[in-house]
Every structure is written in structure tokens, then in C-alpha cells.
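Structure record follows, encoded as C-alpha cells.
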Amino acid sequence: MIDIRKLAFIGGGNMAAALIGGLIGRGLAPTRIVVADPSVEQRQRLIREYGVTAAPDNASAVQDAEALVLAVKPQHMHEAASGLAAHLGGNPPLAVSVAAGIPHAALVRWLGSRTPVVRAMPNRPALCGYGATGLYAPPAVGAAHRALAEAILAAVGVTVWVEHETQMDAVTAVSGSGPAYFFFFMEALEAAARDRGLPPEIAHRLTLETALGAAQMARESADSLAVLREQVTSKGGTTAAALAILDAADLRGIVANAVAAADRRSAELAAEFGAP
């Protein structure tokens, strides 16, 4: 269970709601969570569903907080963070940003140089508790703050730390954008199943359960993905015939180029939103 007296959320959207639900599920009392959001409807929903406290504004939310989660859109981060700087006090709380693309230096510049900041890149499956989050902080952020940030994000899935901030662009390209790649492939597989004569509901169910089963098998196995693939592929069989088509189309190269494009775009957005 996470041990914290007060945790503030700046922004009460889907990712904040997922984190709040996950934290409460792990034993954090709702009374220790305060949320600020400009939408009255959003605040009321969180109060109704989770029993948290809603603050009238950002400054009230962060008062006496040990940590705050910045869960606003990247284009709104400058305004939100800069507006908080004067209210963080002489012993600023840990600030965890879940906004894509905002560099650590920009966050520190806006929040104040004394504020310990951790960048987090969760992905959409966090909304159902199966997220994968990349975390980054420079060496100046101590072990206690790192552990607290990790505990907050672990409420919605697995967490990994990267050593260099530039690697956050790769995290964004792989796990941040990655669910869409799998959805795209699953769409194509489902459509192919329908084309081969399977009823839509059967094509859909087989696609979902096959994807889930393959991921679970890979997660539980000590074997590499390559070995697992080979175990399914009998020489001269149906799987080998299908994989030959994918290989001839250079699927590996397509995936590599797609991830590289997402990586580049992440860096471009960081430069755009994090500029002085």
C-alpha cells in the first residue's frame, strides 16, 4: 500500500481516474486524494465514483500535498505548472508528470528548481489496470521520491525506469503508441477471418482471445519471442506459409520504420511544447 498523507491530481480526466481507482484498490484511502479540474462534471464524477475530495482550484489542491500528479494535456502543461510554482512552498512536493512529450527541464523551469520532478509515460491500457509505464528522473531526484513515483504508477500496471531522457521518446513509440499497433493488426486479422467465411462475432472473439493468449503465454514463458514463434511454426505447415508472406512483405522493416517515425514525432512534440 502506498504511504502518503495527501496526493493531489491536477487534471481529472481518464488517466487520472485510472490512477485514482488503482490507488484506492491498493489501499489508499479516498480521503487522502484531492483533485482539481476545471470541469464541474468531471469533479463530480470522481467524487461520486471514488469518494475523493475536489478542490476549487489548483492552488488549493496542492496545499500540504506530499506529491502531485500533473495529468493535463501537453498543450496546457505550461500554464498549469507555472501557475503552481508560487504555491508549492519551501519544501516542494514530488511532481509526477504523465503528459507526453514535456521535457524534464521544462517542467522544472515552470514548477521551480527545487521541485523534484519525475516524468511518466503510461499507456492507454492503464485505464483497465494493464498499463506499461516508462519513468525518468535525473540523478538529483532521490530514491524516496523515485519509489513514491513508481508506487503511484504501479497502481495501473508495470513500470520501468529509463536512464536517459531521450529514451522516453522510444518508450512513447513502443508502449505509448504500441496498443494502436496491436489494435491495427487485430483489425486486419479479424477482417481476414471474415473474408475466409467466419461469422463476424466468431472472427472477433477468436482474434481477441488469440491475442490475449499469445501475450499471456509470452509473459509467463522464460523463452524468447523468437523461440515461442518457432514452437508454433511447423516446417511446411500453415503457420510457416502465413509467416512467409509476412516476411516477404518485410513486416520487420515496416514495424521498425513505424516505431522510428513515432520516436521522431515524440521528440518534435517535446521541442514544441517544452520550448522556453
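Computed over heavy atoms, backbone and side chain alike; hydrogens, waters and symmetry mates excluded.
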Answer yes or no: is there a donor N or O on one side and an acceptor on the other, between the side chain of [X] and the main chain of [Y], under 3.5 Å?
X	Y	value
Arg43	Val35	no
Asn123	Ala132	yes
Arg114	Asn91	no
Lys235	Ala240	no
Asp263	Val259	no
Arg26	Ala154	yes
Arg5	Arg32	no
Ser234	Gly237	no

Side-chain heavy-atom pair [X], [Y] within 4.5 angstrom cut-off:
X	Y	answer
Ser266	Leu269	no
Leu251	Asp247	no
Arg119	Met168	yes
Gln231	Leu228	yes
Val62	Ile10	yes
Val118	His145	no
Met77	Leu107	yes
Leu68	Leu94	no

* Asked: Are Ile152 and Ile2 close enough, and set up right, to give a side chain to side chain contact (heavy atoms under 4.5 Å, CB included), and what steps lead you there?
  -> CA-CA 7 Å; Ile152 293 170; Ile2 185 172; 3.6 Å; yes
Does any donor atom in the side chain of [X] or [Y] lie under 3.5 Å from an acceptor atom in the other side chain?
X	Y	value
Trp110	Glu79	no
His104	Glu165	no
Asp57	Ser60	yes

Group every Ile, Leu, Val, Met, Phe, Trp and Tyr by side-chain heavy-atom contacts under 4.5 Å, then state whether [X] and [Y] land in the same group.
X	Y	value
Phe183	Val174	no
Trp161	Val141	yes
Val156	Ile24	yes
Phe9	Ile4	yes
Val255	Tyr181	yes

At their closest point, which heavy atom of [X] faces which heavy atom of [Y], and how far apart are they?
X	Y	value
Ala17	Leu46	CB-CD2, 3.8 Å
Ala137	Arg146	O-NH2, 2.9 Å
Ala16	Gly11	CB-O, 3.3 Å
Ser175	Pro179	O-CD, 3.0 Å
Ser177	Ala262	OG-CB, 4.4 Å
Val96	Ala149	CG2-CB, 4.0 Å

* To do: Show your working on side chain to side chain contact (heavy atoms under 4.5 Å, CB included) between Tyr136 and Gln167 and close with a plain yes or no.
  => CA-CA 9 Å; Tyr136 167 78; Gln167 293 172 320; over 6 Å; no
* What's the verdict on side chain to side chain contact (heavy atoms under 4.5 Å, CB included) for Ile33 and Leu28, showing C-alpha distance, side-chain angles and the deciding distance? -> CA-CA 8 Å; Ile33 300 174; Leu28 183 62; 3.8 Å; yes
Please report the interatomic distance [atom1]([X]) to [atom2]([Y]), rounded to the nearest 0.5 Å.
X	Y	atom1	atom2	result
Leu84	Leu70	CG	CG	6.5 Å
Leu19	Leu127	CG	CG	9.0 Å
Glu272	Ile102	CD	CD1	9.0 Å
Thr210	Leu189	OG1	CG	7.0 Å
Arg265	Asp169	CZ	CG	11.5 Å
Leu153	Leu148	CG	CG	10.0 Å

Evaluate whether atom [atom1] of [X] has more than 12 neighbouring non-hydrogen atoms of other residues, nucleotides or ligands under 6.0 angstrom away.
X	atom1	result
Glu163	CD	no
Glu41	CD	no
Arg45	CZ	yes
Asp195	CG	yes
Arg229	CZ	yes

* Asked: Can you name the one residue among Ile20, Leu7, Leu23 that meets side chain to side chain contact (heavy atoms under 4.5 Å, CB included) with Val52?
  ->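 For Val52, the side chain to side chain contact (heavy atoms under 4.5 Å, CB included) check succeeds only for Ile20.
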* Walk me through it: do Arg194 and Glu190 pass the test salt bridge (charged side-chain N to carboxylate O under 4.0 Å, His left out)? => CA-CA 6 Å; Arg194 293 197 306 268; Glu190 181 182 333; 3.2 Å; yes
* To do: Take Glu66 and Lys6, measure what salt bridge (charged side-chain N to carboxylate O under 4.0 Å, His left out) needs, and give me the verdict at the end.
  => CA-CA 6 Å; Glu66 290 180 71; Lys6 179 179 177 181; over 6 Å; no
* Go through Val108 and Thr115 one step at a time and tell me if the side chain to side chain contact (heavy atoms under 4.5 Å, CB included) criterion holds. => CA-CA 7 Å; Val108 171; Thr115 304; over 6 Å; no
